[in-house]
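What you see is a predicted model; the values in this text were computed from it and never measured.
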Amino acid sequence: MEPTARTGSVLVVDDNEDVLTAIRLLLKPHVETIHTATRPDALPTLLREERYDVVLLDMNFTKDASSGKEGLTWLGHVQKLDPEAVVILITAYGDVSLAVEAMKGGATDFVTKPWQNEKLVATVKNGIQLRRTKAEVATLRDRQVHLTRDLDRPYQDIVGESDPMQAVFATIDKVAATDANVLILGENGTGKELVARAIHRRSRRADEIFVAVDLGALTESLFESELFGYTKGAFTGANADRAGRFEVASGGTLFLDEIGNIGAAQQAKLLTVLQRREVTRVGAPTPVAVDVRLVSATNAPLYERVSEGAFRQDLLYRINTVEIVLPPLRERGDDIDLLAEHFLRLYAQKYDKPVRDIAASARNKLRGYRWPGNVRELQHTMERAVILADGTTVKPDVLDFTAPPDLSKDRLALDSLDLEEIERTVIRKALSKHGGNISRAADDLGLTRKSLYRRIEKYGL
């Protein structure tokens with residue numbers, strides 16, 4: 001008969017050394033890790049240092065005590081330290097009323113001394129499985145949050161028939177069925193996340209979760225906790241265990257946007273996770289294996305950053321098994337018309353407007369603009385046009401955009417004393433200077449990313 005595989009970790013707290021020895025010997029063939037303690041006041045330190053699948057806790061520690069109240073008190077402490085703890089109480093004075101009280105206090109099970117060996121082993125094994133099930137449920141709950149956000153997204157499809165986009169579609173078809181890591185390059189607003197989602201939908205992981213993370217929005221202090229997760233008490237505000245984005249995305253696809261903007265320390269941590277295919281939650285003693293298909297994106301010139309020493313070459317090799325470069329909207333020809341019509345239908349339905357067509361003069365105006373904000377800018381332009389349009393046709397007067405400034409001049413020409421127009425021009429120049437990189441443009445302008453985003457929305461940039 002083959003030996004049973006050992007699994008799980010158990011903490012046994014009892015003031016009787018003989019009991020501890022007996023339980024350790026009994027569980028050793030079945031449990032991977034067994035720690036023991038004779039004093040219950042060691043529980044806070046032990047539970048902070050390691051996560052146990054099961055805690056076996058005696059109910060009486062004071063000499064001649066038989067009420068079980070000590071056990072109930074320490075059970076409460078364990079529940080505060082770890083709300084998901086699986087606690088099995090032990091007593092030499094088993095009675096139904098005490099068992100019921102213990103269960104109400106959060107105990108998972110109740111055994112009496114002397115115990116039946118097979119029953120105790122089975123109880124501990126069930127407790128280990130219950131703890132892992134609780135962890136899986138918590139992770140699934142986090143997944144559901146991300147899935148719900150994903151389903152609420154109104155625009156999923158990529159619209160385009162131009163030759164540059166046909167080349168993109170061909171690459172997506174070739175790479176999607178593999179598990180190869182993909183790096184998507186392109187200016188802001190070109191639809192990098194849409195391409196990432198298209199890869200996921202055509203992959204073998206299509207029935208699993210897609211998790212998107214904007215790395216540019218994560219501060220250095222949040223990077224690890226958001227991506228790798230954390231345990232309760234790992235830092236101020238960590239009130240419960242939480243799975244990070246890698247764990248949530250395990251089995252599915254993880255999309256890391258703005259990967260070119262992370263610092264050296266974050267690059268090293270990310271590379272380690274990708275190499276080992278495991279993450280360690282902040283505050284956790286052991287790593288957790290993860291299985292993600294990684295898709296990354298950036299508008300930053302990564303190869304230049306590598307040559308400057310600002311981005312790790314080994315990380316670049318790890319994330320770009322296949323590279324997809326998205327063309328800017330100004331190079332996509334008739335796709336401008338297709339996209340304008342698509343957004344026209346979308347927003348006419350959303351705002352219950354009778355707008356059905358775009359006048360020829362308005363189409364000419366759309367084609368003549370360079371679209372520094374790419375598809376995102378066109379989307380916002382058409383949304384405003386539908387809202388402002390009278391009757392059934394979009395006319396040039398409701399297309400609210402201006403030609404970009406002459407970027408060949410180093411000095412900013414102030415042809416107007418209108419402060420809003422000056423601000424619009426300065427922001428547009430900063431975005432162009434930094435290739436659409438929001439973080440760098442915000443730093444140059446002395447603004448926060450959030451403030452710059454508000455101004456981009458305000459001016460339709």
Side-chain angles (χ1 to χ4, degrees), residues 147-166 168-169 172 186-202 210 212 214 255 257 326-404 420 424 427-428 431 436 438 453-461:
L147 282 169
T148 301
R149 290 174 185 165
D150 191 31
L151 291 172
D152 287 342
R153 298 177 68 86
Y155 174 53
Q156 297 290 337
D157 298 325
I158 306 173
V159 177
E161 296 180 357
S162 62
D163 289 342
M165 289 307 297
Q166 291 305 311
V168 169
F169 296 149
I172 292 173
E187 297 177 7
N188 270 342
T190 49
K192 293 186 288 293
E193 183 171 341
L194 292 179
V195 170
R197 290 176 182 276
I199 291 170
H200 174 71
R201 286 196 301 272
R202 290 162 175 78
F210 176 96
D214 180 2
F255 174 57
D257 198 7
L326 294 187
L329 183 56
R330 60 186 172 272
E331 296 177 4
R332 291 176 54 181
D334 290 341
D335 284 350
I336 294 175
D337 278 350
L338 288 176
L339 284 160
E341 290 166 0
H342 170 80
F343 292 128
L344 173 72
R345 291 190 297 270
L346 182 70
Y347 291 112
Q349 180 178 10
K350 177 178 179 179
Y351 296 114
D352 194 23
K353 297 271 290 187
V355 187
R356 295 189 298 272
D357 194 17
I358 304 172
S361 53
R363 290 178 185 272
N364 290 334
K365 188 174 181 179
L366 291 171
R367 293 192 203 103
Y369 185 56
R370 287 187 56 80
W371 300 107
N374 293 293
V375 178
R376 186 182 298 126
E377 183 181 4
L378 175 58
Q379 179 179 357
H380 290 233
T381 298
M382 291 308 300
E383 182 177 12
R384 286 195 305 272
V386 168
I387 292 171
L388 298 175
D390 294 319
T392 61
T393 302
V394 169
K395 297 178 180 177
D397 60 316
V398 295
L399 295 176
D400 184 20
F401 56 79
T402 57
E420 288 195 351
R424 184 205 300 263
I427 290 172
R428 193 181 273 134
L431 289 170
I438 298 294
Y453 271 125
R454 282 201 302 268
R455 285 167 171 81
I456 289 171
E457 293 287 338
K458 176 181 177 182
Y459 298 124
L461 298 176

Could you check whether any side-chain heavy atom of [X] comes within less than 4.5 Å of a side-chain heavy atom of [Y], counting everything from C-beta outward?
{"X": "V375", "Y": "T190", "answer": "no"}
{"X": "R345", "Y": "E341", "answer": "yes"}
{"X": "E383", "Y": "K350", "answer": "yes"}
{"X": "I358", "Y": "D337", "answer": "no"}

Query - Trace of the side chain to side chain contact (heavy atoms under 4.5 Å, CB included) decision for E161 with L338 - result: CA-CA 8 Å; E161 296 180 357; L338 288 176; 3.6 Å; yes
Taking [X] for its side chain and [Y] for its backbone only, find out whether a donor-acceptor pair lies under 3.5 Å.
{"X": "K353", "Y": "A389", "value": "yes"}
{"X": "K395", "Y": "A362", "value": "no"}
{"X": "R356", "Y": "T393", "value": "no"}
{"X": "W371", "Y": "R376", "value": "no"}
{"X": "R202", "Y": "A198", "value": "yes"}

Using every non-hydrogen atom in the two residues, find where [X] and [Y] come nearest and quote the distance to one decimal.
{"X": "A196", "Y": "F255", "result": "CB-CD1, 3.5 Å"}
{"X": "V355", "Y": "G391", "result": "CG2-O, 3.8 Å"}
{"X": "G189", "Y": "N374", "result": "O-CB, 3.3 Å"}

To the nearest 0.5 Å, how far apart are [atom1] in [X] and [atom2] in [Y]?
{"X": "K365", "Y": "S361", "atom1": "NZ", "atom2": "OG", "result": "9.0 Å"}
{"X": "T381", "Y": "L339", "atom1": "OG1", "atom2": "CG", "result": "12.0 Å"}
{"X": "R367", "Y": "I336", "atom1": "CZ", "atom2": "CD1", "result": "8.5 Å"}

Report task. Given side chain to side chain contact (heavy atoms under 4.5 Å, CB included), test Y347 with I387 step by step and report yes or no. Result -> CA-CA 8 Å; Y347 291 112; I387 292 171; over 6 Å; no
Query raised in the report: Is the count of non-hydrogen atoms from other residues, nucleotides or ligands lying under 6.0 Å from N364 atom CG greater than 12?
Result: yes
Requested in this report: Report the C-alpha separation of I158 and F169 in whole Å, then their side-chain angles, then the decisive distance to 0.1 Å, and conclude whether the side chain to side chain contact (heavy atoms under 4.5 Å, CB included) test is met.
Outcome: CA-CA 9 Å; I158 306 173; F169 296 149; 3.8 Å; yes
Query - Electrostatic pair D357-R363, nearest N-O below 4.0 angstrom - result: yes
Query raised in the report: Charged N to carboxylate O under 4.0 angstrom, K192 versus D257?
Result: no
Report task. Dump the intermediate steps for side chain to side chain contact (heavy atoms under 4.5 Å, CB included) on V168 and L326, then the final yes or no. Result -> CA-CA 7 Å; V168 169; L326 294 187; 3.8 Å; yes
Indicate every side-chain donor-acceptor pair of residues 327-334 with a distance under 3.5 Å to a residue at least two apart or in another chain.
unit_1	atom_1	unit_2	atom_2	d
R330	NH1	E187	OE1	3.3
R330	NH2	E187	OE2	2.5
R332	NE	D335	OD2	3.0
R332	NH2	V159	O	2.7
R332	NH2	D335	OD2	3.4

